[in-house]
Amino acid sequence: MTEMVIPSGGTPWLTLVLVIPLLGVAGILLAQESLSRQVALGVSTLCFLVSLPLWFLFDNGNGGMQFVEKHQWIESPSIHYALGVDGISMPLVLLTTLLTPLCILVSWTAIEQRRKEFMISLLVMETATIGVFAALDFVLFYVFWETMLIPMYLLIGVWGGPNRVYAAVKFFLYTLAGSILLLVAILVLYFEGGRTFDILTLTQAHYSPNLQSLVFWAFFAAFAVKVPMFPFHTWLPDAHVEAPTAGSVILASVLLKLGTYGFLRFSLPMLPDASVAFGPIIMALSVIAIIYGAYMALAQADLKKLIAYSSVSHMGFVTLGLFALNAQGIEGAMLQMINHGITTGALFMCVGIIYERTHSRQIVDNGGLAKAMPQFATFFVIFSLSSVGLPGMNSFVGEFLVLVGAFEWSKLTATLASLGIILAAAYILYMVQRIVYGPAASAMLPKLFDLNPREFGMLLPLVFFVFWIGLYPNPLLDVMHGSVNRVLASQSEIVTVDRGQQTDKPTRLVADGAVNSQPLTGKVQ
Amino acid sequence: MFDLLVILIPLFPLLAVLVNGLAGHRYSHELAGRIAFGSVGLSFLCTLGVFGSVLGNPEPREVVAYSWIFGGNLSIDLAFLIDPLTTIMLLVVTGVGFLIHVYSIGYMHGEEGFTRFFTYMNLFMVSMLLLVMGNNYVVLFIGWEGVGLCSYLLIGYYYDKISAGKAATKAFVVNRIGDAGFLVAIFLIFSHFGTLDYTSVMAKASTLSTGMATAITLCLLVGAFGKSAQLPLYTWLPDAMEGPTPVSALIHAATMVTAGVYMVVRNHALFDMAPVSLATVGIIGGVTALFAATIGLVQNDIKRVLAYSTVSQLGYMFLACGVGGYIAAIFHLVTHAFFKALLFLSAGSVIHALGGEQDIRKMGGLHDKIPTTYWVFLIGTLAIAGIPPLAGFWSKDEILAHAFVNGQYHLYLFAAVGAFLTSFYMFRLTYLTFYGSSRVDPHVAHHIHESPPVMTVPLMILAGLAVLGGFLGVPPEHGWFHGFLHDVATPVGAEHHEVSVGLTLGLMTVAIGIALGGWYLAHYMYSIRPATANEMAEKSPQVYTTLLNKYYVDEAYDKLFVEPCKKLGLLWDWFDRHILDRFVVGVGHGTDISAAAITWTEKHVLYAGLNVIGYGHHLAAWAWRKLQSGQVHHYAAVIIIGLAILIHLAVVWYAGGSSTGLPTR
């Protein structure tokens with residue numbers, strides 16, 4: 001296995017991005033309680049700025065890992081502190097660094113107790129999440145993966161609603177169950193893939209179909225819970241309802257992506273045979289999630305539950321795109337991961353804004369906001385329409401690509417999934433109709449004041465991304481092409497027979513200067 | 001220069017949206033209004049320039065703005081196609097759109113949401129322009145959904161009215177049903193042709209199998225029927241009248257609702273390959289034309305009569321497509337835009353004069369109080385009723401003639417009866433509004449005033465177009481209009497029926513007879529013997545109430561679709577909470593019991609050494625229970641037991657290498 005070190009001016013950008021939030025934690029510990037949120041905001045903003053070079057210095061022509069750092073951590077077994085990002089993980093890292101400062105703004109006044117600890121939890125969360133996306137060593141990955149659970153558990157369990165303990169424990173156990181299986185799978189891969197934890201080496205290695213299927217389902221248990229895929233989603237509504245706003249935003253925007261990221265980073269390229277063989281099951285579950293989640297959303301009276309179920313539906317599009325196993329599907333899925341992070345995160349922020357005023361998340365309590373809060377209503381409608389997948393806004397591009405990809409995989413599947421867009425219009429606009437239109441409840445009126453500058457400022461950047469990705473998604477797609485081609489290259493060996501359009505992928509892989517010490521042809525036995 | 005003009009057409013209203021939308025609250029309504037109608041005026045001027053260029057060179061030309069989506073082998077540009085069909089649509093959209101914008105300055109004067117209104121109207125213009133200008137299906141789809149959005153926003157313009165919110169949601173959701181069909185059509189086209197550009201698709205259209213062509217076009221039709229309010233997806237349009245009247249004129253009469261017709265004509269090469277789809281278009285169009293007209297007979301809201309009339313007239317356009325009369329369809333689209341915009345705007349002028357009153361039972365005798373409005377409304381009525389030589393006569397007659405000459409006598413019959421009803425209900429509306437004794441509320445009566453020039457001048461221009469517009473297509477089948485559109489809208493491979501002058505004149509005579517017949521009946525019922533209508537309603541109350549209640553279609557849809565859909569949501573919600581969520585818990589209970597059973601077995605059967613393990617299990621379970629509140633401990637039990645089983649399986653698998661069922665390749 002050759003090293004793939006992409007020169008990045010020698011600056012360890014990824015380590016900086018990882019470490020800055022931890023320095024912030026130290027800073028908060030030293031600072032006065034009253035200054036903790038300012039420190040947290042400053043640090044997370046700095047972290048966002050430091051993460052920007054990942055975007056600007058990124059080489060789109062290279063589908064491999066960039067900004068790679070590798071240092072020995074434990075000699076035997078050989079475990080490294082290895083970091084790197086490619087077109088799949090880099091946008092997700094940026095999504096995380098973008099949303100963390102926004103989450104701190106969201107919690108500015110909402111969190112009154114144990115503010116210090118709250119900010120620390122958010123920053124630890126940021127480091128852990130970025131670590132998951134950037135780790136190139138399985139042990140390191142697993143450490144971050146597990147670390148992430150703790151702050152999230154605390155966010156729900158300490159600062160949550162009345163039923164927070166139940167929700168927190170449910171969240172913890174659900175994801176822990178998956179995590180343990182993930183650990184088993186990692187160990188199996190370690191022994192089978194050449195006694196290494198190096199993710200790239202393990203990706204190049206080839207495994208027998210039987211082993212693949214075993215590992216596939218172990219991965220599935222870990223990732224499907226995180227996505228969450230039907231029927232493993234029942235923790236999500238509880239967690240969202242009980243979590244504080246910032247918790248919901250992080251959960252929806254970043255945490256759910258870990259599942260789909262796992263599928264894309266590990267299941268698809270490492271287990272190509274199993275991905276094809278079990279693809280139909282995942283596709284079926286995705287379609288069920290799309291339609292089921294939408295129906296569930298239609299029936300909810302609690303805003304957070306409604307958006308939680310809409311997440312199940314939207315994430316169904318992501319898994320649908322991934323397992324369509326073609327370029328449109330996967331790129332659409334990746335775009336949809338970002339889109340969901342922006343749009344659903346923003347919607348949760350909006351719910352938080354409503355809740356801070358009326359102290360109710362029930363739709364019936366919050367009618368007629370357009371009259372009392374026109375600015376808020378504008379933002380709320382924009383994000384709602386983005387969630388509906390209106391062309392010109394971000395989600396459309398992702399959903400469209402996913403559906404084109406899925407249609408190539410199976411016409412029926414994609415057609416059924418298209419029904420999801422009708423239902424999306426129904427549940428979102430039904431919600432908007434009840435929240436925005438009509439006269440406001442008189443009891444609530446005195447509490448309904450429009451956005452303050454802080455709230456305006458935290459929603460505005462997300463509006464920018466909604467329209468940028470909607471109107472000009474190519475810069476983001478360009479980042480993804482190379483890495484997606486690589487994922488497909490591992491697939492193309494076994495899918496070329498019936499999918500003619502992908503026959504050129506292996507040659508492209510070579511043209512990219514792909515690093516593979518083993519001939520690809522050895523993959524299928 | 002040409003490329004720049006083309007790009008400027010949608011760009012001007014877009015800039016107005018941005019300026020008014022972001023900064024509109026900082027300056028006066030007057031300035032916001034000027035920016036709004038000025039931008040549309042500039043678009044219209046650019047359109048005239050493009051039109052001039054197309055007159056000289058009618059070859060289709062493409063203008064690429066930028067590369068929009070590029071993923072896999074899918075590449076979509078934001079690009080425009082300029083050909084005679086697009087040009088005609090552009091002229092209608094920007095021309096009529098400009099007049100309606102000017103009128104709205106007066107109509108919306110003093111409204112609190114004045115700037116918001118114009119921002120939405122301009123956004124609508126942008127979307128509609130993208131819809132008609134796009135060179136591929138995805139740009140069409142942006143416009144398609146965009147106009148739906150603006151329709152949604154503008155129907156819900158009076159947002160503190162609950163009915164407005166409901167109507168807006170209904171319009172969007174019903175449209176979405178159509179849009180889903182349209183999306184599937186796009187996917188089918190892409191998977192079959194590997195491209196989404198019209199030019200490439202049309203060039204390869206003849207390679208389609210009949211089955212594939214039928215599938216694609218039927219899916220397209222679902223979209224068209226949603227957007228253009230045809231059976232069975234028409235129910236949103238009458239409710240859409242909740243929006244301000246200029247909105248009804250622009251969006252729900254002249255432009256957006258005709259998008260379905262435009263789309264069918266744009267894709268006629270595909271439709272020509274699919275006889276089943278063509279037959280469907282014709283039948284749905286014909287039935288809708290007649291069906292909506294019957295509802296229009298008894299409605300009492302001036303705007304709702306016009307709304308059903310729009311549904312009916314759109315039916316005529318689809319009927320024309322169904323019999324291969326694409327040019328006739330577009331011709332009727334154009335004349336309809338003139339006279340229906342005129343009718344809606346003059347109805348708006350009536351409503352304006354009466355301080356918001358829309359019920360024709362509370363009107364009457366207005367012809368001398370608001371004479372300008374009366375005259376232009378009358379011209380609109382004459383035009384839509386098909387009285388020669390006004391515009392509606394020529395275009396409607398051409399559709400009827402097309403159906404007759406093609407031997408589609410059933411469609412001809414639908415259309416002819418529909419035309420009779422149209423003439424009747426439009427004159428009924430005119431008589432009830434402008435003639436007879438005044439039934440106006442006395443409080444309102446002394447406020448009645450003619451609208452200001454900013455409203456009446458656009459009305460007069462539209463009236464002029466409604467009178468003269470028909471001459472674009474005279475003589476029938478051989479007018480300027482037909483020549484201009486010949487290359488882009490002539491059916492592929494259809495034999496041309498040369499129609500004798502005698503037959504043409506004969507059909508015209510019949511059409512005139514039908515129109516005059518409807519007029520006379522209305523004259524008799526609402527002027528000569530005004531009691532007739534009530535007597536008829538009393539004589540057959542079932543028919544009357546059925547029509548008045550619009551055949552109870554809304555109620556049926558509620559019962560059949562909306563309610564079950566909501567109930568299904570609730571059912572699944574119950575399933576989610578009580579079955580799915582509790583399933584895990586149930587498994588937990590099961591493991592608890594089995595753990596207890598095992599413990600018991602171990603204790604009493606295996607005794608000694610092994611029962612230490614049993615206690616261990618028990619102890620662990622007990623510890624968990626103490627640790628957790630509620631029933632969460634069950635999850636833990638499941639996880640631990642399940643994990644034990646899985647690890648066990650993994651060990652067995654490692655040792656024995658047994659098959660896990662994955663098919664070996």
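First the proteins, then the strands, lettered A, B, ... as listed; each starts at 1.
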Point to revise | B/Tyr152 and A/Val432, any side-chain heavy atoms less than 4.5 Å apart | key: yes

Check your understanding: Under a 4.5 Å cut-off applied to non-hydrogen side-chain atoms, are A/Pro374 and B/Arg116 in contact?
Key -> no

Using atom types as modelled, flag every donor-acceptor pair under 3.5 Å from a side chain in residues 393-407 of chain A to any protein atom, sequence neighbours excluded.
from	atom 1	to	atom 2	distance (Å)
A/Asn394	OD1	A/Ser386	OG	2.7
A/Asn394	ND2	A/Thr343	OG1	3.1
A/Ser395	OG	A/Ser386	O	2.8

Practice item. With a 4.5 angstrom heavy-atom cut-off, could you sort out which part of B/Phe187 is near chain A: side chain, backbone, both or neither? Key: both

Practice item. Heavy-atom distances under 4.5 Å only: say whether B/Lys170 touches chain A with side chain, backbone, both or neither. Key: neither

Point to revise | chain B contact via A/Val484 - side chain, backbone, both or neither, heavy atoms under 4.5 Å | key: neither

Review point. Quick one: what part of A/Phe230 sits under 4.5 Å from any heavy atom of chain B, side chain, backbone, both or neither?
Key: side chain

Study note, to complete from the structure: Between B/Glu145 and A/Pro391, the two heavy atoms sitting closest are CB-CD, 3.2 Å

Quiz: residues 64-71 of chain B side-chain donor-acceptor pairs under 3.5 angstrom, not counting sequence neighbours:
from	atom 1	to	atom 2	distance (Å)
B/Tyr66	OH	A/Leu471	O	2.6
B/Ser67	OG	A/Asn474	ND2	3.0
B/Trp68	NE1	A/Gly470	O	2.9
B/Trp68	NE1	A/Leu471	O	3.4

Exercise for review: Look at the side chain of B/Arg176 and the backbone N and O of A/Ala426, then say whether any donor-acceptor pair between them is shorter than 3.5 Å.
Suggested key: no

**Study point:** Residue, of B/Gly146, B/Gly148, B/Gly156, B/Gly194, that accumulates the most heavy atom pairs under 4.5 Å with chain A
**Key:** B/Gly156

Exercise for review: Would you mind telling me which of B/Leu130, B/Leu78, B/Val138, B/Val174 has the largest number of heavy-atom pairs within less than 4.5 Å of chain A?
Suggested key: B/Val138

Review point. With sequence neighbours left out, what residues match B/His192 under ring-ring contact (aromatic ring centres under 6.0 Å, His included)?
Key: none

Exercise for review: Anything in residues 179-186 of chain B with a heavy-atom distance to chain A below 4.5 Å? Please list those residues in order.
Suggested key: B/Ala180, B/Leu183, B/Val184, B/Ile186

Point to revise | Selection from A/Leu298, A/Ile421, A/Asn163 maximising heavy-atom pairs under 4.5 Å formed with chain B | key: A/Ile421

Check your understanding: In terms of heavy-atom pairs under 4.5 Å, which option from A/Met480, A/Gln300, A/Lys305 contacts chain B the most?
Key -> A/Gln300

Review point. Stepwise, does the side-chain contact (heavy atoms from CB on, under 4.5 Å) test hold for A/Gln433 with B/Phe172?
Key: CA-CA 11 Å; A/Gln433 178 196 318; B/Phe172 199 91; over 6 Å; no

